[in-house]
Engineer: 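One structure, as structure tokens, below. Some questions next.
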Amino acid sequence: MIYNSIIDTIGDTPLIKLNKVAEGVKGTVAVKVEYFNPGNSMKDRMALKMIEDAEKDGRLKPGGTIIECTSGNTGMGLALGAIAKGYKCIFTLADKQSKEKIDILRAMGAEVIVCPTNVGPDDPRSYYSVARKMNEDIPNSFFPNQYDNLSNAVAHYETTGPEIWRDTDGKITHYAAGVGTGGSMCGTAKYLKEQNSDIVTVGIDSYGSVFKKYKETGEFDEKEIYPYLTEGIGEDILPKNVDFSLIDHFVKVTDKDAAIMTRRLAREEGLFVGWSCGAAVKGALDWAKDNLEEDDVMVVILPDHGTRYLGKVYNDDWMKDHGFIEARSYATAEDIISKQETNGKLVTLDKNTKVIDAVSLLNEKGISQIPVTDGDEFVGSLTDSKVLRKLIDNPDIKGEPVSEIMDDPFQFVSANNTLDVLSSLIDEEHKAILVRDNNDEVHIITQHDLLMAMTK
């Protein structure tokens, strides 16, 4: 058979049974290997659907430019569609994405703009905001917005779900997938649950993402949001494609566990897949060990190919540097705060405290940096060096509130982040980081704490 173009080869990816990594799990665990799509990821499905739906309703016109914020794989799918149909592409990516993803997109003729990861989605520098602004400024452009474009979920409802149902002869009992934009999880789950309402769905989330707590409590808790490394799953927003009524359970997976399972899939199953694939399998197997029975059939989506991660999870030096494989023993943030010799709760300043009183408190406590609060919210930070510079420039600020001179709040990080990751987050501009423990208490980690942990 001769296909008319590359986009006609999208879909009909295989189901493959897991063997070694699933030892000890009852029932059958199979993975749907989406790197068999031409763009090496499941995002080809929804990218093509978003383009075709936009063509039908006039949002995308001949000669137009497709502008999208992406973690890389959606961009690849859109680039394939653009090549086949004659459009230009501009993509914005967060700087945590792998160099391989950026290089691949540029190789496909797309313009790529790299944006900072550690800013809020509404920050004008975020990859969401930059894409939206470019869409406003560039004539005849189309912003698919994979997060809220329901064509995303529809693509999987129309293709991925039916393929899984067909290839398991309707015997599937459990479906698991990473949740990012929500399209593959929820579109597929919707179709499968319409065929059999007893099918159990398990969403895989990252530590640092809001999904699991929102599902379990209905609360969008910003305290859950902090940086993590795994690409393609978890979010600090609630995309419209995430229908929580279609996700029965959530399981969170650490960056380290996801990376180790990714490498196991390559070495033990011959599946050279991406980082979020390791997260999906790790989370699914953790849940399956306590819940699957002998006759059950679980299907797990593996979203993409390992070539996107050659410089990260498949690089021994990178893995050692992040404490994911043994080179030396790495303490975690949790280890560090457990050994801090502090009395009472974290010392903070109210934003209305006068600068002169703040200086007195810094001297009294013998500390160099302090978080600034407004009620229960962390709204800023103050360091002795910054106060000194400000006082030299203008001694009259002594009577002003610290809100007039404070810096941005210290960044929150996960308690399971290792020492090397923590040290990369503290520098001349960022003097400390904050950690929330299991009792919801906040702790501060400074350069001094890191030095102490390194020398013990």
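For clarity, every value in this text was computed on a predicted model and none was experimentally measured.
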Engineer: What I want to check is whether the side chains of Thr332 and Asp335 have a donor and an acceptor closer together than 3.5 Å.
Structural biologist: yes

Engineer: Do other residues, nucleotides or ligands put more than 12 heavy atoms under 6.0 Å from the CD atom of Glu219?
Structural biologist: yes

Engineer: On the 0 to 90° scale, with breaks at 30° and 60°, tag the Trp275-Tyr309 ring pair as parallel, tilted or perpendicular.
Structural biologist: perpendicular

Engineer: Taking NZ, NE, NH1 and NH2 as the nitrogens, is one of them in Lys252 or Glu224 under 4.0 Å from a carboxylate oxygen of the other?
Structural biologist: yes

Engineer: Here's a test for you: under side chain to side chain donor-acceptor pair (under 3.5 Å), which of His174, Lys193, Lys215 qualifies with Asp248?
Structural biologist: Lys193

Engineer: Provide the closest heavy-atom pair for Arg308 versus Gly39 in the form atom of the first, atom of the second, distance.
Structural biologist: NH2-O, 2.5 Å

Engineer: With side chain to side chain contact (heavy atoms under 4.5 Å, CB included) as the criterion, how do Phe378 and Leu434 come out once you've worked through the C-alpha distance, each side chain's angles and the decisive distance to 0.1 Å?
Structural biologist: CA-CA 10 Å; Phe378 288 83; Leu434 300 177; 3.8 Å; yes

Engineer: Judged by atom type as modelled, is there a donor-acceptor pair below 3.5 Å linking the side chain of Arg436 to the main-chain atoms of Phe412?
Structural biologist: no

Engineer: Can you see which heavy atom on Asn37 is nearest to which on Met42, and at what distance?
Structural biologist: ND2-CA, 3.8 Å

Engineer: Using a strict threshold of under 4.0 Å (side-chain N to carboxylate O), is an ion pair present between Arg132 and Asp122?
Structural biologist: no

Engineer: Would Leu292 and Thr28 satisfy side chain to side chain contact (heavy atoms under 4.5 Å, CB included), going step by step from the backbone distance to the final call?
Structural biologist: CA-CA 9 Å; Leu292 251 59; Thr28 298; over 6 Å; no

Engineer: A quick test of your reading: do over 12 heavy atoms of other residues, nucleotides or ligands sit less than 6.0 Å from CG of Asn4?
Structural biologist: no

Engineer: State whether a side-chain donor-acceptor pair under 3.5 Å links Ser41 with Glu34.
Structural biologist: no

Engineer: Does some side-chain heavy atom of Asp205 sit less than 4.5 Å from a side-chain heavy atom of Val251?
Structural biologist: no

Engineer: Taking everything shown except Asp137 itself, do over 12 heavy atoms lie less than 6.0 Å from its CG?
Structural biologist: yes

Engineer: Does the distance from a Lys or Arg side-chain N to an Asp or Glu carboxylate O, for Asp221 and Lys223, drop under 4.0 Å?
Structural biologist: no

Engineer: Before we go on, tell me: are the rings of Tyr207 and Tyr226 under 6.0 Å apart, centre to centre?
Structural biologist: no

Engineer: Would you give the length of the straight line joining atom CD1 of Ile445 to atom CD1 of Ile426, rounded to the nearest 0.5 angstrom?
Structural biologist: 7.0 Å

Engineer: Just verifying a value: how many Å separate Asp236 CG and Phe211 CZ, rounded to the nearest 0.5 Å?
Structural biologist: 9.0 Å

Engineer: Has the side chain of Thr254 got a donor or acceptor atom that lies under 3.5 Å from a matching backbone atom of Asp257?
Structural biologist: yes

Engineer: Heavy-atom distance under 4.5 Å between the side chains of Lys49 and Asn152, does that happen here?
Structural biologist: no

Engineer: Begin with the C-alpha distance, continue with both residues' side-chain angles, and end with the deciding distance and a verdict on salt bridge (Lys or Arg N to Asp or Glu O under 4.0 Å) for Arg166 and Asp12.
Structural biologist: CA-CA 10 Å; Arg166 178 197 69 200; Asp12 283 321; 3.2 Å; yes

Engineer: Within the structure provided, determine whether Glu269 and Leu18 are in side-chain contact (heavy-atom separation under 4.5 Å).
Structural biologist: yes

Engineer: Can any side-chain N or O of Gln411 pair as donor or acceptor with the backbone N or O of Leu425 at less than 3.5 Å?
Structural biologist: no

Engineer: The test is salt bridge (Lys or Arg N to Asp or Glu O under 4.0 Å); show your working for Asp316 and Lys320 and say whether it passes.
Structural biologist: CA-CA 6 Å; Asp316 284 354; Lys320 290 174 183 176; 5.5 Å; no

Engineer: Could you tell me whether Glu231 and Lys312 make a salt bridge, using a distance below 4.0 angstrom between a side-chain N and a carboxylate O?
Structural biologist: yes

Engineer: Check the pair Thr9, Ile6 against side chain to side chain contact (heavy atoms under 4.5 Å, CB included), reporting the backbone distance first and the verdict last.
Structural biologist: CA-CA 6 Å; Thr9 66; Ile6 191 67; 4.0 Å; yes

Engineer: Would you check if the side chain of Thr74 reaches a backbone N or O of Thr70 as a donor-acceptor pair within less than 3.5 Å?
Structural biologist: no

Engineer: For Ser126 and Asp123, test the side chains for any donor-to-acceptor distance below 3.5 angstrom and give the result as yes or no.
Structural biologist: no

Engineer: Side chains of His249 and Thr201, heavy atoms from C-beta outward: is any pair under 4.5 Å?
Structural biologist: no

Engineer: What is the distance from atom CD1 of Ile164 to atom NZ of Lys32, rounded to the nearest 0.5 Å?
Structural biologist: 5.5 Å

Engineer: Can you tell me how far apart OG1 (Thr92) and CG (Asn135) are? Round to the nearest 0.5 Å.
Structural biologist: 11.0 Å

Engineer: Side chains of Asp407 and Ser381: any donor to acceptor distance under 3.5 Å?
Structural biologist: no

Engineer: Going through the checks in order, is the side chain to side chain donor-acceptor pair (under 3.5 Å) test met by Asn73 and Asp304?
Structural biologist: CA-CA 8 Å; Asn73 289 328; Asp304 64 355; 2.8 Å; yes

Engineer: Would you call Asp169 and Lys171 a salt bridge, taking side-chain N to carboxylate O under 4.0 Å as the test?
Structural biologist: no

Engineer: Just one of Glu163, Glu52, Glu158 clears the salt bridge (charged side-chain N to carboxylate O under 4.0 Å, His left out) bar with Arg45, so which one?
Structural biologist: Glu163

Engineer: More than 12 heavy atoms of other residues, nucleotides or ligands under 6.0 Å from CD of Glu377: is that the case?
Structural biologist: no

Engineer: Only counting residues at least two apart or in another chain, list the ones meeting salt bridge (Lys or Arg N to Asp or Glu O under 4.0 Å) with Asp374.
Structural biologist: Lys351

Engineer: Under 4.5 Å between any side-chain heavy atoms of Met261 and Leu285, yes or no?
Structural biologist: yes

Engineer: Which word best sums up how the rings of Phe272 and Tyr314 line up, parallel for under 30°, tilted for 30 to 60°, or perpendicular for over 60°?
Structural biologist: tilted

Engineer: Does the Ser129 side chain pair with the main chain of Arg125, one donor and one acceptor, at a distance under 3.5 Å?
Structural biologist: no

Engineer: Which class fits the ring pair Phe250 and Phe244: parallel under 30°, tilted 30 to 60°, perpendicular over 60°?
Structural biologist: tilted

Engineer: Quick check for you: to the nearest 0.5 Å, what is the distance between Tyr191 atom OH and Leu246 atom CG?
Structural biologist: 15.0 Å

Engineer: Does the side chain of Pro371 reach to within under 4.5 Å of the side chain of Leu346, using non-hydrogen atoms?
Structural biologist: yes

Engineer: Taking it one step at a time, do Ser209 and Ser206 satisfy side chain to side chain donor-acceptor pair (under 3.5 Å)?
Structural biologist: CA-CA 6 Å; Ser209 166; Ser206 285; over 6 Å; no

Engineer: Could you walk me through whether Glu55 and Met50 pass the side chain to side chain contact (heavy atoms under 4.5 Å, CB included) check?
Structural biologist: CA-CA 9 Å; Glu55 288 175 328; Met50 292 192 299; over 6 Å; no

Engineer: Hey, does Thr13 have a side-chain heavy atom less than 4.5 Å from the side chain of Tyr35?
Structural biologist: no

Engineer: Run through Lys101, Arg106, Lys99 and flag the one making a side chain to side chain donor-acceptor pair (under 3.5 Å) with Asp103.
Structural biologist: Lys99

Engineer: Parallel under 30°, tilted from 30 to 60°, perpendicular over 60°: which one fits the rings of Tyr128 and Tyr147?
Structural biologist: perpendicular

Engineer: Using a 4.5 Å cut-off on heavy atoms from C-beta on, say whether the side chain of Ile113 contacts that of Phe91.
Structural biologist: no

Engineer: Tell me whether Asp286 is salt-bridged to Lys282, with the criterion being a basic N under 4.0 Å from an acidic carboxylate O.
Structural biologist: yes

Engineer: Taking Asn241 for the side chain and Thr181 for the main chain, is one N or O donor matched with an acceptor at less than 3.5 Å?
Structural biologist: no

Engineer: Under 3.5 Å, side chain of Asp255 to main-chain N/O of Leu229, donor-acceptor pair present?
Structural biologist: yes

Engineer: List the atom of Glu68, the atom of Asn145, and the distance in Å for their closest heavy-atom pair.
Structural biologist: OE1-N, 3.0 Å

